[in-house]
Structure formats: structure tokens, C-alpha cells
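Input: a single structure, listed below in C-alpha cells.
Residue numbers start from 1 in every chain, and the chains themselves are labelled A, B, ... in the order their sequence lines are given, proteins ahead of strands.
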Amino acid sequence: MEKILESLNDAQQEAVKTIDGPVLILAGAGSGKTKTITSRLAYLLAQGIPASSILTLTFTNKAATEMRERALSLIEDKTYPPLLCTFHKFGLLFLKFNMEKLGRRNSFVVIDTDDKKRIIKSFGIDMPVGLVANEISRYKNSLIDPALAWEKAELPNYKKIAQTYEQYEKYIKDNNLVDFDDLLVLPYKILNENEDLCRETSERYKYIMVDEYQDTNDLQYRLIRKICSTHENICVVGDDDQSIYGWRGANIKNILDFKDEFKNTKIIKLENNYRSTTNILKAANELIEHNRSRLGKVLRSTKGEGTAISIIESHDEKNESTIIAKRIKVLIDKGVSPRDIAVLYRINALSRSLEEGLNRVGVPYNMVGGVKFYERTEIKDLISYLRIIANPNDDFSIKRIINRPKRGLGKVTIDKILKGAYENHLSIYGYITTKQDELKGMVSKKCYNALVEFSENLQRLIEVSSEATYNIIDELESLYGIKKYYDQLPDSLERVSNIDEFYGLFRDLVKQNPEMSIDEFLNDLALQSDQDAIDTENIAIMSIHTSKGLEFDYLFVIGMEEGFLPLVGDGSDIEEERRLGYVAITRAKEELTLSYSESRFYKGRRTELTKSRFLKESGVCQGSLVLEKTTSYRKGDLVKHKIFGIGRIFEISKVKREFKLKINFSGTKRDIVASFVEKI
DNA sequence: TGGGTCACGGTTTTT
DNA sequence: CCGTGACCCA
């Protein structure tokens, strides 16, 4: 007990020791939030509360993993660790036990956003699929069913969306699929409709903690309400200034209004920052002060002043990335460990030029996030194969791989099969295996043989999987030759190595847990984020969103321009953009470098840019700062002047904060400020 | 059926 | 700019 408390400050101790009733812990960036939660968890156990009564919900798998490790290190008896997982994982577990309450089997399959879009697309709607998918998601999270969506729809497009929504819901229900939203929606529905189960569940989890509460959505709030309905021992931890998921339905009101929603809430503020230097905190505090809707808190530094925040001003993104890469190289050469260095950006598109720069200078890096491992085509193909082994009637998955690797089945043949299956009220697999005569008369001999081979192989695989999950991979490869297929396609090297990695992952997990079924494996996979696999050898580059919860000694933020940070567009919220800026700045421990460029090449054209208002708002653009202005002009470049015409640069110099070029205009030499000429 | 060409549109951010 | 999707021809 003493051990748990001794390294905590007063506020943290109070947070840890307040175990009954609603508690709101406002934990500023770097205030030891994870430490506080994990200590509280250990404290609850030390008080004799059974592990099975405690539920801790997090936002990402990474956070869950980290907390689990840290909590376990504080606990003596590790036999029955308390449940600590993401909201979605909790929903998944809950549905595994209670799906039959909705008249559905618990052998459901979790689909990801990509699957969802494919399904919607297959309905042939003439609207952007992503938009429709988002709207459906919005409806589901607001518990609006298709009928109500139809009623509320005024514009024809929304009528169409409502129709698609209905079609989609029917489709996934018929195929026993569950999307990410369902993992929250369905548990809520079950709890809402079964009072006894709700009470039982609430009594089981007597102590609940929720991390990153500022990023919960309405549905998560309702779910929490249900689960703590019998006791209100609910402790939420968050920072309203770090709410950055409004775009996907996170409701900052959840944290702002928590004290009104739960009576007798005890509010504890953690304002001591143990992470960043005073200079960095000052910028962060000044920036976030510009927001109006916030609970209000100021981070106090516990470290020294540190180095001044450095600003890089470049002519274009190529220049920017070169400077940053060079600076990083200097740091590494000085002995800084690459894992303590990171570069952040607001949008993924900015990673490209950055990567090029790092490659030019020879700095190896690790891009976190981006295209997810399990979203790659080859991996999704493998997932589809595993899905149909687990459930051969999964039409959705079978359609994906019925001609991959190519076995000569074209659109016409596939349409015939679909039609036949539909008319016989059978799944595709069911149709192929039971209506062989009909099939034979319908498709070409070649196609028929291919289909028979395909289904026989599948049967063989299903047999193998019932014997030993571990052997599936070898059998899958030898029967279908997926690796061989990808080996002769573009990017074969990367794809094959991805496939190998996936096979390795599968084998590892089966080894660890020989009882694991394929759909267990698949469902866990769907909820996995690949941030768990951060490699610690190299510097990290990632989006600001991805960087949430992380910290780095040396931090660079690129794209500090109007239009990029803040990103402006329809539906963008300047306060949320500011919070993103705040999150970015507060990732830095020792040295922070903010970079902006005068222009960028984006979406196929070059755009002139002005520096971000956040630079002024955070106070870094006036006063003591190291400014490095750069130019992309080189000796020998041809430039054009409005009056003097075309000339060649023969000397470049820096005067105050401007670049002076000595230019030879067909014999006449002149000194011109760089901003008056144009590169040609 | 499948490969090739061309036009278009698009980008935050994640479970 | 790049990747995707539609369309056309061998």
C-alpha cells in the first residue's frame, strides 16, 4: 500500500484514494495520468476489492497494453488480473456472451471500415461511399434506426442514405456480421432491453475507470451509465484540452458536463507536468488559452526553462524535410537515441516529402499508423480465406477471393453463381456444393472445374482446421498458393513479406493459445491497431492524432501553416484544431521545433501558404526564439524578375531575415531580395 | 477473361 | 501527384 502511494504527489494520491462515487480526474498532458490510473487500480486491489469487480476501459489497444503492464508490475497476485481493455473489446466480449438476446448467434464476425465500404458499394449507390458509411455510423451511434433516419431525412440524398442504411443493416444481420459501431450499439441495446442483465452487469463491475474520457462519444457515455447504474463508482480520467476526436463523434460535453451528470462528483486536477520544459509548457498554455469551451487548468512545470522553441521557415517542403532530416542526423550523431526523436504532422499526406527528406539524408525512420497492416489487400485476402474456413457461408468474404488467386472466373460467371445462389436461397458455397448439376449447365467447363476444385480445397481446409488450427497455414498455402500468386504481382517483395508476417503472427498466437478458434483470432485482429508494433530502433514519424499519449525528448512538428494546422474545411472546428496543436506541443520533453513552409505541393498543385496562427497564439513567433530561414535557391539557378527579366544567380547571402541574391541579368549584375524573383 | 489505357477525384484524424 | 475505377479491345 505504502509502496503504491509513495511516489505520487498530493493530487495523485487523492485521486488514487478516492474510490467510491463519481470521480473526475482532470489530468493535464504529462501529469502522470497513466501512473495515477494504474496506481489506483493497484490500490483498489490492495483494499481487498476482487479483481473481477474492476473494469478499466481505454481508447486504444496500446493504452490498454501499457496500463496492463504497469498495473501488473504493482500487483503481487497476478493470477486473475482485472479486465482492462478498449471499449470495443469490452463490447466484443459482452456480445460473445449475450448475442443470443438479440436472436443472433455469437459466431459473428467483426468487419472493419473497409469491409463496410465494400458492402455499401455493392449496393450500387451513386454517392461517395465514405460519406454514406460515415452517415450510417453517425445514425448508429445516435441510436437512430433506418426507419427513423428515413423519417428525419428531408433531402432526397438523405432518403437514399436512409435506404442504404436499411439495406446495410439487413445485409450484415443476415451474414451475422458486426461492425465497429455495433460493438457499442448492440451491447447498449441488450442492456437497455434487459433490466436484469443490466443490473447484474453493473453489480459485477463495481468499480469502473475510463481513460481518455474526453474522447468518448454519446453512446459510450450511455453505456457507462448503464454499467454503473447500481453504484456510480465511476472514475473518469481525461483532459478536455486534448479532445481531438470530435470528427468521429467524440463529445467533449461528456467531460465538460460530467459533474452535472453525476451528482457529488469529486473533481481532482492534476496540473503538475513532469514531462516538458518551462518553455514548451508556456507555449502550450498560451495556445490553449485561446479556446473558450474548456474547464480551465494551467500546467505547472517541474523542470527547468530548457532550450527555446526553435522555428524552421522554409521555402518549400523539400527544403523543410532536408533541414529536419539534417538536424535529426546531427542529434543522432551527438548520441541521442533515435527512439527519443519524432516528427509529427497534421495530415498523413505530409509524410511523403518528409520521408523523401529522411531518405536523402539517410535517416532511417519508422512510420507509425498510415496504411494499416491488416488493411493491405494481401492480408485482407488471407483474412477472407480464414473467414470462409470458419464460416463457408460467408458470402461477403467468398466473393472477395473466389477469383483470387486467379482461377479463370470472370464477372459473367460470378454473376451467374450469385444469381443461382440467390434464386435457391443458398449461400454461394452452399450453391456450389449442392447444386452441381445446375451449375454445370450454366458455366463453362473450365469454370466449373475451377469451382469444384475451389470448394473441395475449402472442404479440406475446414477438416484440417477442426483437427488443429496450427496446420491451417501450411494447408492454405499448398492448396491455394496465395504467396505464389502475390509473388508475381507488383510489389511482390513487400506483399510476400507481409504474408509471411501474417502467417507468423497466426502461428505465434495459436502456439500461445492452442484452443483459439479462427473467429476468435479474426475478431481480435479486427480490433488491433498496429501501434503496438512501434519499432524502437528508429525515429518515429506519425500524425498528431497517433501521437496522443506518447512523449519524445526531441520533437519536430511540420506543416505549421494555415490550411494544414489549423486544417480548415467544412466541418472543421478551430478549437479542436487548437487542441491538436496543444497535443502536438505537449508531446515534447526537451526540445521542440516547429516548422512551416512558404509553399507546399498538395493535391497536384503548389499552393502558397502563410504560417499558422498558432505560432503567434502560442507566443513562439515573438521573443526569444531561434529562427532558421532557408531558401531553396542555389547558385546557378535561373530566376525571373518582373522588371529585369531572366537572370542567373551567382551568389546567395543572408541579410537579417531575408535572402539576398546576386543575379546576373544578361551581363548586368544586381542585388535582389529573394522574394522579388521567381524560380523558373 | 484479363490486361491496358484513360479520366477522375481526393485526403485529416481511428476502433 | 498518385491511386483507383471505368471502359475497351485482344
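The nucleotide whose nearest atom lies closest to any side-chain atom of A/K406 is, among B/dT1, B/dG2, B/dT13, B/dG2. Nearest nucleotide to the side chain of A/T546, out of C/dC1, B/dT14, B/dT11: B/dT14. Side-chain proximity of A/W247 to B/dT1, B/dT11, B/dT13: nearest is B/dT13. The A/T60 side chain lies nearest to B/dT15 when the options are B/dT11, B/dT15, B/dT1.
No contact: A/F564 has no heavy atom under 4.0 Å from any strand. Contacts of A/D182 with the nucleic acid, taken as non-hydrogen atoms under 4.0 Å apart, are absent. Using a 4.0 Å heavy-atom distance criterion, A/F87 is classed as making no nucleic acid contact.
Of the side-chain N and O atoms in A/N403, one or more sit less than 4.0 angstrom from OP1 or OP2 of B/dG2. Between A/S543 and the phosphate of B/dT14, there is a side-chain N or O to OP1/OP2 separation shorter than 4.0 Å.
Looking only at distances, no side-chain donor or acceptor of A/R578 sits under 3.5 Å from a matching main-chain atom of A/I288.
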Please tabulate, for side-chain N and O atoms in residues 179-190 of chain A, each donor-acceptor pair with protein atoms closer than 3.5 Å (sequence neighbours left out).
unit_1: A/D179; atom_1: OD1; unit_2: A/K140; atom_2: NZ; d: 3.3
unit_1: A/D179; atom_1: OD1; unit_2: A/D181; atom_2: N; d: 3.1
unit_1: A/D179; atom_1: OD1; unit_2: A/D182; atom_2: N; d: 2.8
unit_1: A/D179; atom_1: OD2; unit_2: A/K140; atom_2: NZ; d: 2.9
unit_1: A/D179; atom_1: OD2; unit_2: A/Y168; atom_2: OH; d: 2.7
unit_1: A/D181; atom_1: OD1; unit_2: A/S137; atom_2: OG; d: 3.1
unit_1: A/D181; atom_1: OD1; unit_2: A/N141; atom_2: ND2; d: 3.1
unit_1: A/D181; atom_1: OD2; unit_2: A/K116; atom_2: NZ; d: 3.4
unit_1: A/D181; atom_1: OD2; unit_2: A/S137; atom_2: OG; d: 2.8
unit_1: A/D182; atom_1: OD1; unit_2: A/K140; atom_2: NZ; d: 2.9
unit_1: A/D182; atom_1: OD2; unit_2: A/K140; atom_2: NZ; d: 3.3
unit_1: A/D182; atom_1: OD2; unit_2: A/D179; atom_2: N; d: 3.2

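Interatomic distance, A/D573 CG to A/I252 CD1, rounded to the nearest 0.5 Å: 8.5 Å.
Taking 4.5 Å as the limit, every side-chain heavy atom of A/T86 sits out of range of all side-chain heavy atoms of A/F59.
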Practice problem: Scan nucleotides 2-10 of chain C nucleotide by nucleotide, 5' to 3', and note B when protein non-hydrogen atoms come under 4.0 Å of the base, S if they reach only the sugar-phosphate, - if neither. | Solution: S--S-----
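A/R600 and A/E561 are joined by a salt bridge, as a carboxylate oxygen and a charged side-chain nitrogen come within less than 4.0 angstrom of each other.
If you check distances only, the side chain of A/T113 never reaches the base of B/dT14 with a donor-acceptor pair under 3.5 Å.
In this structure, A/F502 and A/F506 have parallel ring planes: the angle between them is below the 30° cut-off, well short of the 60° mark.
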